[in-house]
Amino acid sequence: MTTTQLPQVQDQRNDGTALDLDWVMAAQANTSAIERRAKTLPGRRSVKKDYQAAWLCKAISLMDLTTLSGDDSEGRVRRLCAKARQPVAQPILHALGMEGLTTGAVCVYHDMVPTAVAALAGSGIPVAAVSTGFPAGLSPFHLRIAEIKESVAAGATEIDIVISRRHALTGNWKALYDEMREMRDACGDAHVKAILATGELGTLRNVARASLVCMMAGADFIKTSTGKEPVNATLPVTLTMIRAIRDYQDRTGTRVGYKPAGGISKAKDALVYLSMIKDELGDRWLQPDLFRFGASSLLGDIERQLEHHVTGAYSASWRHAIG
Ligand SMILES: O=C[C@H](O)COP(=O)(O)O
């Protein structure tokens, strides 16, 4: 295994398209078929034992290491950034031949952007800000736009915006498109991830339609959740969203990234997501410019598994779990 320098920021921007309502309304999601397929995923033997450590390192490189708590402090954010720079103990990285491995980005509230930018200076690790009145996204629209601009001015190069769920729930796709378009414009050169808050959209069909509308309006990534909804990233939602991404690329030639977020805390779950992305979208999406995990506690479990791997203490249950 060798350390690979991976692109941190997508060179290709999604400029979006006009709103195509016929295409949006034609988007369906066969819920029972998707749920059946999702149930088969955790048991599949997609990741061979010999490559497990490499896949777990890959998961780290694709992670938006996150803290989004009301009691976040500058000290906590500095510790998070130190972890992003060196996500696993040096001897473990050395043994794996992965010196130089970092997380894909760090993701914080707007207030913490300057601290994160300073702590990551010179590392090449981007700072992502959750802006637009995260997590509900119900503050006045002009304030949400102002927050985006302030986050960009403070040095965030990735902005995670939250959509107005009511537009999707009422089928007001034009309003969702216009809102997303304006947020995209406010981001300027920063990349924009559209958080759909899928746990609040009611149906997979709404998820499919909202995914398409956000991509048409110029989202560089579509992201499942804030991590604060009662239901966050799930496999059926992921299948629905990544198939929308595939459809969008087939029709426009533009690749849009995918970020599952919320409740992904186990290394074995990360492997399921990675194998699903490989199957459905292909290897090109297994790069940090097109895929991120949004996660606050996943790194801890991956670190434990890598330590066990290096020290030969792999547990029987872990072997069984990932086949
Ligand atoms: O965007 C990231 C999520 O808020 C993280 O959620 P989590 O704390 O459940 O990992």
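If you read the sequence from its start, that first residue is 1, and numbering goes on from there. We count ligands from 1, going down the list as the structure has it; atoms in each ligand are counted the same way. Note that the structure is predicted; figures quoted are calculated from it, not measured.
Pairs engaging residues 140-168 under the ring-ring contact (aromatic ring centres under 6.0 Å, His included) rule: none recorded [sequence neighbours left out].
A salt bridge links Asp178 and Lys174; the closest N-O separation between the charged side-chain nitrogens and carboxylate oxygens is under 4.0 Å. A salt bridge between Arg246 and Asp250 is absent, with no side-chain N of the basic residue lying under 4.0 Å from a carboxylate O of the acidic one. At a threshold of 4.0 Å, the pair Arg255-Asp289 does not count as salt-bridged, since none of the basic side-chain nitrogens sits closer than that to a carboxylate oxygen. Under the 4.0 Å criterion applied to side-chain N and carboxylate O atoms, Asp15 and Arg184 are not assigned as salt-bridge partners. A salt bridge does not link Arg166 to Glu200: none of the charged side-chain nitrogens sits closer than 4.0 Å to a carboxylate oxygen.
The 4.0 Å heavy-atom shell around ligand 1 contains residues Thr66, Leu68, Lys223, Thr226, Gly227, Ala261, Gly262, Gly263, Gly294, Ala295, Ser296, ordered by chain and number.
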